[in-house]
Each structure stands twice: as structure tokens, then as C-alpha cells.
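What follows is a short report on a single structure.
Remember, it's a predicted structure, so these values are computed and weren't measured experimentally. When reading the values below, keep in mind they use all heavy atoms of this one structure, side chains included, and skip hydrogens, waters and symmetry mates.
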Amino acid sequence: QAELARSLGTTDVLVLGLVNGEDLLGVLTLGRCGRGFDDDDVEQLGDVAAAAGLALGAIAAPSLARPCSSRKPAKA
């Protein structure tokens, strides 16, 4: 992915792991043309990757989901 991005004019590439607990679920690859990623960019995009990792982990572990209520819905 990084090589393809560079061939299209990307000057800087940032690759962040999508992690849930100790499991690496994937990677988020970002590219930028012109200016690089500064510390604030990396911090904010790290937060995005962390949230995405948690969301992917929740999708991958449906057994952890709990119902909002144990009551059965009323029959119509």
C-alpha cells in the first residue's frame, strides 16, 4: 500500500495498528501530499486508530454483548 501511495504522489505515509487488547486486528494506512505528519497529527490519528480497534474488537466478539434488558418485549 505504501509503495502504491508513493507512486501516486504521496510524500509521507503513516501506518497505525488497529489493536484491541493485545490483538492486532489490522492496520490503518494514511498518506499525505506536501507536508508530513506532525506530532499532533500522529496523536489524533492514533486516537482514531484506537477507537477503530475497539470497534473492530467489539464486532469480532459478539459473545461479549449484553442485552439492554432481560425483559421480553410485549406481544402486539
Side-chain angles (χ1 to χ4, degrees):
Q1 288 179 347
E3 288 181 25
L4 175 60
R6 288 196 182 273
S7 75
L8 296 172
T10 300
T11 57
D12 202 28
V13 175
L14 179 64
V15 180
L16 300 167
L18 302 177
V19 178
N20 186 11
E22 294 186 16
D23 298 326
L24 178 62
L25 304 176
V27 294
L28 175 63
T29 305
L30 301 135
R32 179 171 270 169
C33 299
R35 74 172 183 91
F37 295 98
D38 61 25
D39 290 341
D40 288 337
D41 294 331
V42 173
E43 183 178 345
Q44 291 179 5
L45 292 169
D47 291 344
V48 170
L54 290 174
L56 287 172
I59 292 169
S63 63
L64 298 177
R66 289 182 248 152
C68 294
S69 173
S70 60
R71 292 178 21 194
K72 294 182 181 179
K75 293 184 181 181

Using atom types as modelled, flag every donor-acceptor pair under 3.5 Å from a side chain in residues 34-55 to any protein atom, sequence neighbours excluded.
unit_1	atom_1	unit_2	atom_2	d
Arg35	NH1	Asp41	OD2	3.2
Asp38	OD1	Asp40	N	3.1
Asp38	OD1	Asp41	N	2.8
Asp41	OD2	Arg32	NH1	2.8
Asp41	OD2	Asp38	N	3.1

Under 3.5 Å, which donor-acceptor pairs do the side chains of residues 17-25 form with other protein atoms, sequence neighbours left out?
none

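A heavy-atom distance below 4.5 Å is found between the side chains of Thr29 and Val13.
For the side-chain contact (heavy atoms from CB on, under 4.5 Å) test with Leu30, the passing option among Val15, Thr10, Leu16 is Leu16; the others fail.
The stretch residues 8-21 participates, sequence neighbours left out, in no salt bridge (charged side-chain N to carboxylate O under 4.0 Å, His left out) pair at all.
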